[in-house]
Number of protein chains: 2
Amino acid sequence: MSSTRTRITEEADALIYRMGFATTSFGDIADEIGISRGNFYHHFKTKDAILAAVIERRLAATRALLTLWESEAPDPAGRIGRFIDILRTNRSKIMQDGCPVGTLCSELAKLDHPLLDQAAEAFTLFRVWLSAQFSALGHPDADCLALHLLARTQGIAVLLHSFRDPAFLERECATLHHWCDTLAPPPRENTACSSSP
Amino acid sequence: MSSTRTRITEEADALIYRMGFATTSFGDIADEIGISRGNFYHHFKTKDAILAAVIERRLAATRALLTLWESEAPDPAGRIGRFIDILRTNRSKIMQDGCPVGTLCSELAKLDHPLLDQAAEAFTLFRVWLSAQFSALGHPDADCLALHLLARTQGIAVLLHSFRDPAFLERECATLHHWCDTLAPPPRENTACSSSP
DNA sequence: GTCTATAAATAGATAGAC
DNA sequence: GTCTATCTATTTATAGAC
């Protein structure tokens, strides 16, 4: 049922995640789904065109995930908890290949690639969504808190990717949940922008 | 005075940091220092041999840096502060090319490269050194705190690299310093492994 | 839409003259 | 130690038959 174009995008998504963008070749993708490299160019004119399609696909998946979390957890604190737990949910993937967003952005930034901003839009989706949750909890510095939490999860992903230590992940997730819990009530003395989150 | 081998290693270090390992070619390095590609192989037999030399060079530089910090700051808290401030010191570099350790480890992990462990040794150097400082402050969970701080700085580096927002960096550095300050006295109610850092 | 064949550029790596 | 010349494989990309 799925078109060749869709299959190329799906396989490119998986391969770029597993091996990185620069290392993934047309040949790799073509071999994986059993088509010739020539046919390939009927669907995508350049390698960057594939990357753009992959990024768009990932953004759509992220939007869908955020919508799912909203329906599953009606309260902001529960939603933030869902976000933190993607680290646990995707534990083995992150240990093997890192965070799909962080590793792609790092690579594209290093290549000075024009699609970096598009890729970083995935960060922005989480940032805006998290900011909305912190706002709903009554925090005036919601955007700072959102960026802060985003940074915390990225750091955990990087070290998990490099060290591959599950105990570290569990510890840090517990710490993040605890941070979130102490933050749940409206602003007391903590504001992430100038004080201790 | 510096030998060709040294110049190759230095230039490879810079280029790998700026463009990534996979993207940096022998030609790039050779062009940059004005030698031919043929001469190149007299000093290094394979591309991986260059990478190994670059990693060794970086590890030596890191060891020297940690020793410098120890002489500059006699107290553990001040030394930890030095570590946090590398984010500020290398602000523009990190905005442009990310953390040299984190980005290289991410790339090598994705390539399933045998030198990943060697590259991750740079993390371990910081980890052990930070752990010693936390221990000196009387924290029984010093290694957890060291890994935690390492993760925090990596996350900040990733987002700074992707978003290039200096205000975010200043905010997070201040937050980290504050976290360090409230942590400075021997363990009160905070232990990073199970409670709120 | 899919294929084979091929172009054009670049990669890592080697041989041998100087 | 440094160079030029060359090999071999792989890359992105194109042309054209079916």
Side-chain angles (χ1 to χ4, degrees), chain A residues 1-57 103-104 107-108 110-116 118-119, chain B residues 1-57 103-104 107-108 110-116 118-119:
Chain A
M1 265 304 296
S2 71
S3 68
T4 301
R5 187 192 155 92
T6 303
R7 277 163 57 221
I8 290 174
T9 308
E10 287 170 350
E11 198 55 47
D13 189 344
L15 284 174
I16 287 173
Y17 179 39
R18 200 194 316 152
M19 314 196 304
F21 173 66
T23 314
T24 299
S25 71
F26 286 12
D28 293 330
I29 305 169
D31 288 353
E32 203 75 25
I33 62 181
I35 64 168
S36 68
R37 276 176 299 164
N39 181 7
F40 209 94
Y41 287 86
H42 180 261
H43 302 281
F44 293 98
K45 289 189 177 161
T46 66
K47 196 181 177 185
D48 285 355
I50 299 177
L51 177 60
V54 167
I55 292 174
E56 207 42 67
R57 182 183 138 88
T103 54
L104 182 59
E107 182 177 6
L108 295 185
K110 216 150 262 223
L111 300 177
D112 260 318
H113 199 288
L115 286 175
L116 166 62
Q118 266 293 99
Chain B
M1 265 305 296
S2 70
S3 68
T4 300
R5 187 191 156 91
T6 304
R7 277 163 56 220
I8 290 174
T9 308
E10 287 171 350
E11 197 55 48
D13 189 343
L15 283 174
I16 287 173
Y17 179 38
R18 201 195 313 153
M19 315 195 303
F21 173 65
T23 314
T24 300
S25 71
F26 285 12
D28 293 328
I29 304 169
D31 288 353
E32 203 75 25
I33 61 181
I35 64 168
S36 68
R37 273 178 302 165
N39 183 5
F40 209 93
Y41 287 85
H42 180 263
H43 302 279
F44 293 97
K45 289 189 177 159
T46 66
K47 196 181 177 186
D48 284 354
I50 299 178
L51 177 61
V54 167
I55 291 174
E56 209 41 69
R57 182 183 138 86
T103 55
L104 181 60
E107 183 177 5
L108 295 185
K110 216 151 260 221
L111 299 178
D112 260 319
H113 198 287
L115 287 175
L116 166 63
Q118 267 293 101

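Chain letters run A, B, ... following the sequence lines, proteins first, then strands; residues in each count from 1.
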For [X] and [N], what is the distance between atoms [atom1] and [atom2] respectively, to the nearest whole Å?
{"X": "F40(B)", "N": "dA11(C)", "atom1": "CZ", "atom2": "C1'", "answer": "13 Å"}
{"X": "R7(A)", "N": "dT2(C)", "atom1": "CZ", "atom2": "P", "answer": "8 Å"}
{"X": "I29(B)", "N": "dT2(D)", "atom1": "CD1", "atom2": "C1'", "answer": "17 Å"}
{"X": "F44(B)", "N": "dT14(C)", "atom1": "CZ", "atom2": "P", "answer": "15 Å"}
{"X": "K47(A)", "N": "dT11(D)", "atom1": "NZ", "atom2": "P", "answer": "9 Å"}
{"X": "I50(A)", "N": "dT11(D)", "atom1": "CD1", "atom2": "P", "answer": "13 Å"}
{"X": "L51(A)", "N": "dT11(D)", "atom1": "CG", "atom2": "C1'", "answer": "17 Å"}
{"X": "F21(B)", "N": "dA11(C)", "atom1": "CZ", "atom2": "P", "answer": "13 Å"}

Using only side-chain N and O atoms of [X], determine if any of them is under 4.0 Å from OP1 or OP2 of [N].
{"X": "H43(A)", "N": "dT2(C)", "value": "yes"}
{"X": "S25(B)", "N": "dT10(C)", "value": "no"}
{"X": "T46(A)", "N": "dA13(D)", "value": "no"}

If you measure from [atom1] on [X] to [atom2] on [Y], what distance do you get to the nearest 0.5 Å?
{"X": "T4(B)", "Y": "I33(B)", "atom1": "OG1", "atom2": "CD1", "result": "7.0 Å"}
{"X": "I8(A)", "Y": "N39(A)", "atom1": "CD1", "atom2": "CG", "result": "6.5 Å"}
{"X": "H113(B)", "Y": "Q118(B)", "atom1": "NE2", "atom2": "CD", "result": "11.5 Å"}

State whether the side chain of D28(A) and the backbone N or O of S25(A) hold a donor-acceptor pair below 3.5 Å, judged by distance alone. yes
Could you check whether any side-chain N or O of E107(B) sits under 3.5 Å from a backbone N or O of F21(B), counting only pairs where one atom can act as donor and the other as acceptor? yes
Can you figure out which of dC3(D), dG12(C), dC3(C) approaches the side chain of F26(B) most closely? dG12(C)
Of the nucleotides dA11(C), dC3(C), dT2(C), which one has an atom closest to the side chain of H42(A)? dT2(C)
For DNA chain C, the expected dot-bracket line (Watson-Crick or G-U under 3.5 Å, [ ] crossing, | inter-strand) is ||||||||||.|||||||
In the structure I gave you, are the side-chain heavy atoms of E32(B) and I29(B) within less than 4.5 Å of one another anywhere? no
Could you say whether N39(A) or G27(A) is positioned toward the 5' end of DNA chain D, judged by the nucleotide with the nearest heavy atom to each? G27(A)
Near-ring test F26(A)/Y41(A), centroid separation under 6.0 angstrom: yes
Under 4.0 Å, heavy atoms only, any strand: does [X] hit a base, just the sugar-phosphate, or nothing?
{"X": "S36(B)", "result": "base"}
{"X": "Y41(A)", "result": "base"}
{"X": "T24(A)", "result": "sugar-phosphate"}

